[in-house]
Amino acid sequence: MGLFRSGIYKTPQQLRRMVAPGLATFAGLEAARTLIVAGNTTEQIDLAAERAIIAAGGASNFKLVPGYRHTICASVNDEVVHGIPGSRVLAPGDIVSIDCGAILNEYNGDSAITVVLPDPSRPELVAEREQLSRITEGSLWAGIASLMTAKHLNQVGAAIEGFIENEGDKIRHRFGILTEYVGHGIGTSMHEDPAVFNYRVAQKGVEIKPGLCLAIEPMVVVGSPETHVLGDDWTVATNDGSSASHWEHTVVVHADGIWVTTAPDGGAAGLAAFGVTPVPVP
Ligand code: MG
Ligand code: MG
């Protein structure tokens, strides 16, 4: 974090270079998604994601993070983010968040999905986890959609938190939003300024204007947002053991609108509910 390599506001030429790594990231996550089934290990998912990124002409950018040797992070159940792929076998009812990124021609994509595995023997647990994932994903789209009207970055966090609060109110439940981990700018580095908070902050933050490239990534839990890092020095898990979800996309703000680089439709399907139509990067 705090790196500044390609600047907060990219040139139109730089913005165009964000598109291909976004699609390579999507390819990696799609390959992962098909393998998120009970009986598979998170290591198998990791290998499939890497192969797909390479086939798309990219390379894993997670492997460029000092000390990290994998293409994805796989965080299961009470694990929120930064889970390390390995011999863990996925089980029915698991809630699995996969985070993945690709670098291609010097530029980066970063995206995460959550999948809940079916388990007919525990319908209530599965329903609770599906609801958590749906609300987390919805809050991501709410945050992305807010870029169309927001003047400053703190309005994105307000949109995310507001969405989660509203959905929680409908079922009289208060979800936890992690505050120790946040989204970020993205460009020639996967992690650049500015920090993107998933909640309301007093400081306005940077101006929303063409050239901004953000990885927005709400991390939401059923219970308390207090977390700790496991003995592997990477995996972040909830203190109360409650389920967690993580969704992320990379989005570009350009002269004619916004475009989600890590979705092949630019985010059209997710943004439709918010009355926003993405426009391809000119
Ligand atoms: Mg990520
Ligand atoms: Mg990220």
Side-chain angles (χ1 to χ4, degrees), residues 1-6 8 18 21-33 36 42 45-46 49-50 52-53 58-76 79-85 96-104 107-115 133 136-137 139-141 143-144 147 153 156-157 160 177-199 205 212-220 227 229 234-236 244-253 260-263 267 270:
M1 298 293 269
L3 299 173
F4 221 99
R5 283 181 51 195
S6 40
I8 289 181
M18 292 291 294
L23 291 172
T25 302
F26 172 79
L29 269 182
E30 279 307 289
R33 190 197 296 268
I36 308 174
T42 51
I45 298 171
D46 186 67
E50 179 167 37
I53 287 172
S60 163
N61 53 12
F62 281 29
K63 286 190 168 183
L64 302 176
V65 174
Y68 201 74
R69 299 181 296 112
H70 304 277
T71 296
I72 62 167
C73 289
S75 307
V76 183
E79 299 170 357
V80 194
V81 287
H82 303 169
I84 304 174
V96 184
S97 297
I98 303 290
D99 193 352
C100 179
I103 184 165
L104 201 164
Y107 283 76
N108 286 273
D110 189 6
S111 182
I113 59 171
T114 296
V115 173
S133 176
T136 307
E137 185 186 11
S139 77
L140 168 60
W141 290 115
I144 294 170
L147 289 169
L153 189 55
V156 174
I160 293 169
I177 305 172
L178 264 66
T179 54
E180 286 166 275
Y181 302 89
V182 297
H184 47 91
I186 181 168
T188 55
S189 290
M190 180 167 57
H191 294 137
E192 299 185 354
D193 285 335
V196 181
F197 300 102
N198 297 306
Y199 45 90
L212 197 59
C213 298
L214 302 174
I216 301 178
E217 50 178 318
M219 290 150 261
V220 185
T227 61
V229 176
W234 284 99
T235 312
V236 176
S245 174
H246 178 213
W247 281 86
E248 178 178 24
H249 272 302
T250 298
V251 56
V252 164
V253 180
V260 175
T261 64
T262 44

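It should be emphasised that the depicted structure is a prediction, and the values quoted were computed from it without experimental measurement. Note that ligands are numbered from 1 as they come in the structure, with each ligand's atoms numbered from 1 the same way.
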Q) So, does Glu50 use its side chain to make a donor-acceptor pair with the main chain of Asp46 at under 3.5 Å? A) no
**Q.** Proximal heteroatom of Asp99 relative to the Mg ion (ligand 1) (N/O/S)
**A.** OD1
Q. Where the Mg ion (ligand 2) is the centre, what is the NE2-to-OD2 angle for His184 and Asp110, rounded to 10°?
A. 90°
Q) When you measure from the Mg ion (ligand 1) to each N, O or S atom of Glu248, which atom gives the shortest distance? A) OE1
**Q.** Thr262 side chain to Thr25 backbone, donor-acceptor under 3.5 Å
**A.** no
Q: Check the angle between the aromatic planes of His184 and His191 and answer parallel, tilted or perpendicular using the 30° and 60° thresholds.
A: perpendicular
Q.
Is it the case that the side chains of Thr114 and Ser133 hold a donor-acceptor pair, with the cut-off being a distance below 3.5 Å and no angle test?
A. no
Q) So does Glu217 have any N/O/S atom less than 2.8 Å away from the Mg ion (ligand 1)? A) no
